[in-house]
K.L.:
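Quick one: the structure is below, and I'll ask about it shortly.
Protein chains get the first letters and strands the later ones, always in sequence-line order, with residue 1 at the start of each. Worth saying up front: this structure is predicted, and the values here are computed from it rather than measured.
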Protein chains: 2
Amino acid sequence: MRQIENMFSKSCEYGLKAVIYIASQSLEGKRIKIDDIAEKAGSPRAFTAKILGTLTKFNIINSLKGPYGGFDIEIKRMKEIKISEIVFAIDGDSIYNGCALGLTECNAQEPCPMHENFVQIREELKKMLETTTIFELATKFNSGESILVRKDRIAS
Amino acid sequence: MRQIENMFSKSCEYGLKAVIYIASQSLEGKRIKIDDIAEKAGSPRAFTAKILGTLTKFNIINSLKGPYGGFDIEIKRMKEIKISEIVFAIDGDSIYNGCALGLTECNAQEPCPMHENFVQIREELKKMLETTTIFELATKFNSGESILVRKDRIAS
DNA sequence: ATTATTTCAGACAAATTTATCTTAATATAA
DNA sequence: TTATATTAAGATAAATTTGTCTGAAATAAT
Ligand code: SF4
Ligand code: SF4
């Protein structure tokens, strides 16, 4: 059965990791190709490519076809964009109305038994997503403070 | 693409709603049948039955076959059991080691870029799950303070 | 213009989750 | 002990998510 750990869908995980890596390279002035992204983020290439297509449509990243092409993101932009926008582009806005117990919608007037407990955490999650920028994450990655793939996976 | 709203899997949602309903009926001294549970919790009958099988094995609820059979839970037990135990029985213990970005495990020594932001929320979620009892939720439901199915769904 | 390189788009396939169905096992009452 | 009511278990099916593949479109260099 499914794991609660999966706060994000795989699509979202891959999208976030890819954007973090693209941004980290853009910080160093490099445009980066999908093959490199897939490798460095430890994500399936074709699937990641599809997700990057979506993110390009949402103007979260830039893409350029052809030789010397690839993906990048302006430093100004990575400071503006919150990770909530990436989650929104990939998984939609359901975080704003989803119900812990799967009721058709969240409604405080007629709440499910878990409402009070749940809403509190959902608000904190929203706040986190809406205040964390790509720049922040990319900087952390670039400085070596954090990683995108565990060694045991790189090895394979 | 998948929705982040789904904090819990469908299995877990159905399990939680079913247990809340069983408990609410046990509070009134009634043992309750699967058909009634499925209807009152707005969940698919056969699927719910399977989940209740799991919860019975984990001794979260009691089941009795035959006429006058069904499911129930002792009041003492519903005061003891935290919803984390239901989540654990159905979705496993991954909440304790899952990574927001899908790394093979969570490791603060070698964190992913979202670690700090994520861990904070995960801890609050854990705390919520580990302090909320079935009794608390069932009481809230019994008193009419909360619901398990939205009207627009009952209608169908 | 031609060629090489790259993303883009859509069809396809595999894996997982969700859901149903059918039969067996068990308990109760008469 | 028989008939009935119920859960248990396992096979199967549908839906969704995840993943791959192939060819088209765009870009740059020569
Ligand atoms: S907890 Fe209640 S109000 Fe909140 S989403 Fe669930 S049903 Fe809606
Ligand atoms: S946020 Fe970092 S430490 Fe936490 S689970 Fe993800 S990779 Fe592991």
K.L.:
Can you list every pair that meets salt bridge (Lys or Arg N to Asp or Glu O under 4.0 Å) and has a residue in residues 18-28 of chain B, with sequence neighbours left out?
P.N.:
B/Glu28-B/Lys30
K.L.:
For nucleotides 19-23 of chain D, list the nitrogen or oxygen atoms of the protein found under 3.5 Å from its nitrogen or oxygen atoms, one pair per line.
P.N.:
residue, atom, partner, partner atom, Å
D/dG19, OP1, A/Tyr14, OH, 3.1
D/dG19, OP2, A/Tyr14, OH, 2.8
D/dT20, O4, A/Lys50, NZ, 3.2

K.L.:
Regarding A/Leu52, tell me which of base, sugar-phosphate or nothing describes its non-hydrogen contacts under 4.0 Å with the strands shown.
P.N.:
nothing
K.L.:
Who pairs with A/Phe58 by side chain to side chain contact (heavy atoms under 4.5 Å, CB included), at least two apart in sequence or on another chain?
P.N.:
A/Thr54, A/Ile60, A/Phe88, A/Ala89
K.L.:
To the nearest Å, give me how far apart CD1 (B/Ile32) and C1' (D/dT7) are.
P.N.:
14 Å
K.L.:
By the salt bridge (Lys or Arg N to Asp or Glu O under 4.0 Å) test, which pairs, at least two apart or in different chains, include something from residues 62-74 of chain A?
P.N.:
A/Arg31-A/Asp72
K.L.:
What residues, two or more places apart in sequence or in another chain, satisfy salt bridge (Lys or Arg N to Asp or Glu O under 4.0 Å) together with B/Glu124?
P.N.:
none
K.L.:
Polar atoms only, N or O, under 3.5 Å: list the protein pairs with nucleotides 27-30 of chain C and their distances.
P.N.:
residue, atom, partner, partner atom, Å
C/dA27, O4', B/Lys65, O, 3.3

K.L.:
Excluding sequence neighbours, so at least two apart, what forms side chain to side chain contact (heavy atoms under 4.5 Å, CB included) with A/Gln120?
P.N.:
none
K.L.:
Determine the minimum heavy-atom distance between A/Asn62 and A/Ile73, stating which atoms define it.
P.N.:
OD1-CA, 4.0 Å
K.L.:
Excluding sequence neighbours, so at least two apart, what forms side chain to side chain contact (heavy atoms under 4.5 Å, CB included) with A/Thr132?
P.N.:
A/Ile83, A/Met128, A/Glu136, A/Leu137, B/Asn117
K.L.:
According to salt bridge (Lys or Arg N to Asp or Glu O under 4.0 Å), who are the partners of A/Lys79, at least two apart in sequence or on a separate chain?
P.N.:
none
K.L.:
I need the residues from residues 18-30 of chain A with at least one non-hydrogen atom less than 4.0 Å from DNA chain D; give them sorted by number, or say none.
P.N.:
none
K.L.:
What residues form a salt bridge (Lys or Arg N to Asp or Glu O under 4.0 Å) with B/Glu39, not counting sequence neighbours?
P.N.:
none
K.L.:
I'd like to check the salt bridge (Lys or Arg N to Asp or Glu O under 4.0 Å) partners of A/Lys127; sequence neighbours left out, ordered by chain and number.
P.N.:
none
K.L.:
Rounded to whole angstrom units, what separation is found between the CZ atom of B/Arg31 and the P atom of C/dT26?
P.N.:
17 Å
